[in-house]
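Comments concern the structure below.
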Amino acid sequence: MGYLVDDSKDRIDRDAVWGALREVYWAKWRSRAEVEAQIDDAWRVIGVYEEETGAQVGFARAVSDGLGFAYLADVVVLEAHRGHGLGKRIVQAMIDDGPGAHFRWTLFTSDAHGLYEQFGFAEPGRTALVRPAADLPVHPTQRPPES
């Protein structure tokens with residue numbers, strides 16, 4: 001199966017992104033409106049699409065000052081399409097092949113260190129400080145239905 005990587009925000013299938021983000025640990029608290037706003041306000045997005053059907057199967061977004069700093073977020077590949085190197089293709093397109101190739105990039109992850117280390121991500125050095133986020137409430141759209 002072939003895949004296309006594209007950075008066109010207009011091509012993003014918002015339903016596919018919403019569905020994918022509902023399944024990952026880091027985004028379950030977000031509402032649909034919040035995900036829509038994050039796509040709209042992104043400095044750059046990357047989508048991965050099946051060549052044959054055009055269906056979106058991967059996504060990432062970044063926020064940036066456009067000059068020297070960017071934050072990589074929401075790198076996700078649908079489970080049925082994992083194992084084809086699509087995560088690497090997404091990160092490559094976003095980090096090295098785009099307009100931010102010379103930027104200082106940051107991200108947060110608890111389970112994909114090996115992927116990001118291939119692109120030069122490492123533990124923060126002595127000049128980096130991070131203020132952890134406060135505990136997030138469970139969004140009403142994420143609560144299980146009452147029985």
Side-chain angles (χ1 to χ4, degrees), residues 1-101 103-121 124 128 130-147:
M1 182 179 310
Y3 297 95
L4 298 170
V5 177
D6 190 345
D7 67 351
S8 171
K9 195 179 284 189
D10 293 336
R11 188 171 181 185
I12 296 296
D13 178 340
R14 291 164 181 256
D15 291 332
V17 172
W18 169 244
L21 292 179
R22 300 267 305 157
E23 301 300 320
V24 293
Y25 70 87
W26 69 85
K28 288 183 179 281
W29 60 270
R30 298 183 207 160
S31 70
R32 173 72 185 242
E34 290 165 335
V35 169
E36 295 274 349
Q38 289 175 319
I39 294 169
D40 291 340
D41 295 340
W43 167 71
R44 190 160 186 249
V45 296
I46 297 293
V48 177
Y49 307 88
E50 286 183 326
E51 278 184 324
E52 190 173 306
T53 66
Q56 186 167 353
V57 300
F59 173 77
R61 68 182 175 89
V63 295
S64 175
D65 64 4
L67 297 171
F69 171 83
Y71 173 77
L72 178 62
D74 295 334
V75 177
V76 64
V77 174
L78 297 181
E79 188 170 347
H81 298 272
R82 293 179 187 157
H84 300 284
L86 299 180
K88 288 173 81 167
R89 288 180 65 183
I90 289 170
V91 177
Q92 176 80 36
M94 182 69 83
I95 301 290
D96 291 332
D97 297 340
F103 289 2
R104 177 183 288 187
W105 283 85
T106 61
L107 66 86
F108 294 95
T109 185
S110 67
D111 64 354
H113 295 82
L115 168 64
Y116 300 113
E117 287 168 352
Q118 296 174 55
F119 294 92
F121 286 90
V130 176
R131 179 182 175 196
D135 287 339
L136 296 169
V138 174
H139 194 276
T141 62
Q142 301 294 328
R143 289 191 184 114
E146 294 184 26
S147 38

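If you read the sequence from its start, that first residue is 1, and numbering goes on from there. Owing to the predicted nature of the structure, the values given are computational and were not obtained by experimental measurement.
Note that CD of Q56 and CD of E50 are 11.0 Å apart. Values are rounded to the nearest 0.5 Å. Within the model, atoms CG of L107 and CG of L115 stand 9.0 Å from one another, a figure rounded to the nearest 0.5 Å. Considering CZ of R104 and OH of Y71, their distance stands at 16.0 Å, rounded to 0.5 Å.
Nearest heavy atoms, L72 versus A60: CD1-CB, 4.3 Å. Nearest heavy atoms, A62 versus W105: CB-CZ3, 3.8 Å. The two residues V45 and R61 have their closest heavy-atom pair at CG1-CB, 4.1 Å. Nearest heavy-atom pair, Y49 versus D6, reported as atom, atom and distance to 0.1 Å: CE1-CB, 3.8 Å. The two residues P124 and A128 come nearest to each other via the heavy atoms CB-CB, 3.4 Å. In terms of heavy-atom proximity, F103 sits nearest to A70 at CD2-CB, 3.8 Å.
V48 pairs in a side chain to side chain contact (heavy atoms under 4.5 Å, CB included) with only one of the listed residues (L4, V5, V76, V77), which is V5.
At most 12 non-hydrogen atoms from other residues, nucleotides or ligands lie less than 6.0 angstrom from NZ of K88. Counting heavy-atom neighbours within 6.0 Å of E51 CD, excluding the residue itself, gives a total above 12.
By the 4.5 Å heavy-atom criterion applied to side chains, D13 and F59 are not counted as neighbours. Taking the side chain as every heavy atom from C-beta outward, T109 and F121 never approach each other to under 4.5 Å.
Pairs of residues two or more places apart, or lying in two chains, that qualify as side-chain hydrogen bond (donor to acceptor under 3.5 Å, both in side chains) and include a residue from residues 38-48 are D7-R44, R14-D40, R30-Q38.
The cationic group of R89 does not satisfy the cation-pi geometry with Y3, failing either the under 6.0 Å distance to the six-membered ring centre or the 45° limit from the ring axis.
No donor-acceptor distance shorter than 3.5 angstrom exists from the side chain of E34 to the backbone of E36, with no hydrogens or angles considered.
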